[in-house]
Amino acid sequence: MKLLLKGGRLVDPATRHDGTADVLVDDGRVAGVGTGLDTAGAEVVDCDGLVVCPGLVDLHAHLREPGREDAETIETGSRAAALGGYTAVCPMPNTDPVADNAGVVEMVAARGREVGLADLFPVGAVTVGQRGAELAELGAMARSAARVDCFSDDGLPIREARLLRLALEYTRAFDAVVADHAQDASLTDGAQMHEGEVSAMLGLAGWPAAAEDMVVARDLLLAELTGGRLHLCHVSTGGAVELVRAAKARGVRVTAEAAPHHFTLTDEAARSYDPVFKVNPPLREKADVEAVRLGLADGTIDAVATDHAPHAREDKEVEWGSAPPGMLGLETALAVTLTELVEPGYLDLATAVERLTAGPARCRRVGGHGGPVAPGAPANLAVLDPAAAWTVDRARLASRARNTPFHGRELRGRVVHTILRGAFTVRDGRALR
Amino acid sequence: MNKHLLSAADLSAGDITRVLDTAAHLAKVTDRAIKKVPTLRGRTVCNLFFEDSTRTRISFELAAKRLSADVINFSAKGSSVSKGESLKDTAITLEAMGVDAIVMRHGASGAPWRLAEWVEAVVVNAGDGTHEHPTQALLDLYTMRQRFPSFDGLKVAIVGDVLHSRVARSNVLALTTMGAEVTLVAPPTLLPARVETWGVAVSYDLDAVLPKQDVVMMLRVQLERQRAGFFPSLREYARLYGLDGRRLDAMADHAIVMHPGPMNRGVEIAAEVADSIERSVIADQVANGISVRMALLYLLLGGPEVAT
Ligand SMILES: [Zn+2]
Ligand SMILES: [Zn+2]
C-alpha cells in the first residue's frame, strides 16, 4: 500500500526538518520526503494545515495486563495510545504477575503485536517481584524475544542504594537503562499528597519534595560511580530538575522524563478531595510546575512521558485516602503539551515534538520510532492538527478507565492520523481497530 | 450558610454568630421539663459513624431528638461497610431511604466532601480524619462566648498535637474568622507544614505563652504519636507541654481551660486542672455541644427563623 501525505508541515526532530514537505510511504517504510516524488498509485492524504511528525513514543505507561484487565488491557491501552498519536509505548512491569522474567515480557510484547495498534517495548522489573531484595534475571529479559533494554521497579522506588548500584553496573553488560521512581519511602510513609500549605489545611499526610530530591541525588551519584545509564521517571520537583541539570553538565549518563500532569496541575487540585487528582509523585506547587516546564524547554528533561495509570471506577470512587494513585495520560498528553507548553511559549512546536518523539526514543532503544522521517525508515508517523480545539470527555476515552484529571478541559491539538509501519491505526481521529 | 457544614472555613462571621445565637435560644429548651420542640418533626437525620465516637454521636442524637427528628444510627462496625461496601454504596442506600441530613464521622480526611457529591441530603461533618471537626469548633466558640464579651482580640492558645488535630484546624479557622488572636503551641514535629501561612502565632514554649492567654485549649495526645517518634516520651511531653497546677497558676485570673475530650489525665492535662471548678469549662463544652448541634440541624434543615 502506497500513501502520500501531501502538503503538511513536516516536523522531524531527528533530521531537524521543519517545513512543508510531502511524505511518501510505501510497503511500511518512508519512501521519499520532499517534492517531485514518484507518487504513481499512491493514495493521497491531504495534510494541508496539518503537522506531520514521527509517531509519539511513551516511555512510561501502565497497561495493567496481566492482572488488572478490568482497569485496562493491552488492547484498550494500545487503542488509547494510537488515538493519542503514539506508535511506541513502554509498559511498566508492575503487573500481576510482575514482569520480572522473560516469559511475562515476551507475553506483553507478543500481545501488543497481536493487537497491532502500537509497538510495545516492555520494561522489565529490576528486582524479583519488585520486592527490592534481589536482581531479577535482567540478562534473560534483555536476550528474550522482547529484547528488554530498560528496567524499573516503578510504582516503587529502589530503596537500597546497594541494589541500584548493582543494577546500574550489571546492565552495563547489555547497555540497558535503569529507570527509578525517586521516592524516599521513610519520608513518605502514609503520604497522600504533596507536603505543603495545602496538605496542612486538608489534613492529608504530606510527601515532601525533599523525598524526591534526595533519591534523585543518590541515583545521580550512583550513575556517576558505576557509569551505568540512569533514567529518572516522572520528575516533579524544582530540586530534582536542578540536580539533573547539574549532573548532565558534568557528564553523568542520565535521562529524565516529566508527566503532563506535573507541568500543568498543582496540589491545589486536591482541595476537591477528588482522588482523580491523586498521583505518585503528587501534584506539586506552582514553582515546581514552572521548573519542570523550564527543564523541558532547555532539555534537562528529555521526554514527556504519560505515566498513564488507569484505575477501575470503584477503586477511585472512594475517599481520597483509600484511592490508589494514578491518572490517565495517553489520549491527552499531546494536547496538554501543546496547550500548556507551546501556546504560552515555553517550547516551540518543533521542540515539543522532539520531547514527545526523538527525545524519548533517545532515552532507550525503541528501534524505528521517534524518527527520522527519511527514506528507508519505518513509517511510524502521526498527523496532527495543532490548532483544533476539543474538550476532554472522560466518557469518550478509549481507555477502559475514566480517571483523567483533564475532564471538561478545553485543549488545543488533535491527532488526525496515526500510522504504524505504513498502516493507519487512527484515521480522521478514529481508531481502526 | 452553605447547604452543608463541611468545614469551618465555609462559615462567615455572620454565619457563626447566627449559629451561636440560635444555640443560645434553643438552650432554653433543654432547661424545660419536656426537653423537646416539634421543629423537625417528620425529618430524618442519619448519624453515619465510620469511627467510634460515642460522645459525639450521642450529642448529635440528642440534638436531633430534641427537635423531634427521626434518628437513624448507622455505625460502620458490624455493618455491610466492614464487608467491603463502599462509601458510595452507603450513600446511595441512605439517599434511597430519603434521609434529610447525614451526620458523618469518618477516619479519612475529606470523606464528607465525597459523600456530599453523591447525596441530596445535607451533610454535616462530625470529624474527618486529621482534617476538621467544625461542630466542635462551634461549641468551643459558644463556650468562650459564655465567658467573654467578644472574640475581637480574644487571646486563645491551642496546645499540643496540632498536626493531627481536626479540632485545632476547625478552631483556627473559626476563631480567626471571628477576630480572635490564636497561638499554636507544640513541639515543631507536631505542627503542620507551612503553619506560618495560617495567620496565627506559633510557639514551642508553653510557659512563655500561658500568662497572656484568655483561653487555653489543650489537645488530646495520642499514644501512637510517641511510638511514631513525634516526641521522645510521654513524660517529656507532659513536662514541656502538659498543663499542671503550677502552669495553671501562671495563667491570668480570668483565663479558662478547655479540652475537646477525651482527656489523658496526667499527660496533656493534670487531674487537678481538669477538675478545677473556677478554670475548667470542659463540662460546659459537653453540655453546649447539644445546643450548638440543635442550632445547626435547625438552620441547615431550614427550620423557621428563631427570634433571638
Ligand atoms: Zn512511578
Ligand atoms: Zn508509573
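Chain letters run A, B, ... following the sequence lines, proteins first, then strands; residues in each count from 1.
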Checklist entry - Is chain B contacted by the side chain of Asp274(A), its backbone, both, or neither, given a heavy-atom distance below 4.5 Å? => result both
Checklist entry - Heavy-atom distance under 4.5 Å to chain B: side chain of Ser272(A), backbone, both or neither? => result backbone
Next on the checklist: Heavy-atom cut-off 4.5 Å, strictly under: side chain, backbone, both or neither for His164(B) against chain A?
Outcome noted: neither
Item to check | Reported OG-to-CD distance for the pair Ser86(B) and Glu317(A), which is rounded to 0.5 angstrom | outcome: 8.0 Å
Checklist outcome for this item: So NZ of Lys88(B) and CZ of Arg313(A): to nearest 0.5 Å the spacing works out to 5.0 Å
Would you say that more than 12 heavy atoms from the other residues, nucleotides or ligands in this model lie under 6.0 Å from the [atom1] of [X], or not?
X         : atom1 : value
Arg220(B) : CZ    : yes
Arg245(A) : CZ    : yes
Phe231(B) : CZ    : yes
Asp189(A) : CG    : no

Checklist entry - When only heavy atoms count and the cut-off is under 4.5 Å, which of residues 108-128 of chain B reach chain A? => result Ala108(B), Ser109(B), Gly110(B), Ala111(B), Trp113(B), Arg114(B), Glu117(B), Trp118(B), Asp128(B)
Next on the checklist: A side-chain contact here means heavy atoms from C-beta on lying under 4.5 Å apart; do His131(B) and Tyr273(A) qualify?
Outcome noted: yes
Next on the checklist: So if I take each residue of residues 199-213 of chain A and look for any heavy atom under 4.5 Å from a heavy atom in chain B, which residues do I end up with?
Outcome noted: Ala200(A), Met201(A), Leu202(A), Gly203(A), Leu204(A)
Checklist entry - Looking at Leu173(B), Thr197(B), Val162(B), which makes the most heavy-atom pairs under 4.5 Å with chain A? => result Thr197(B)
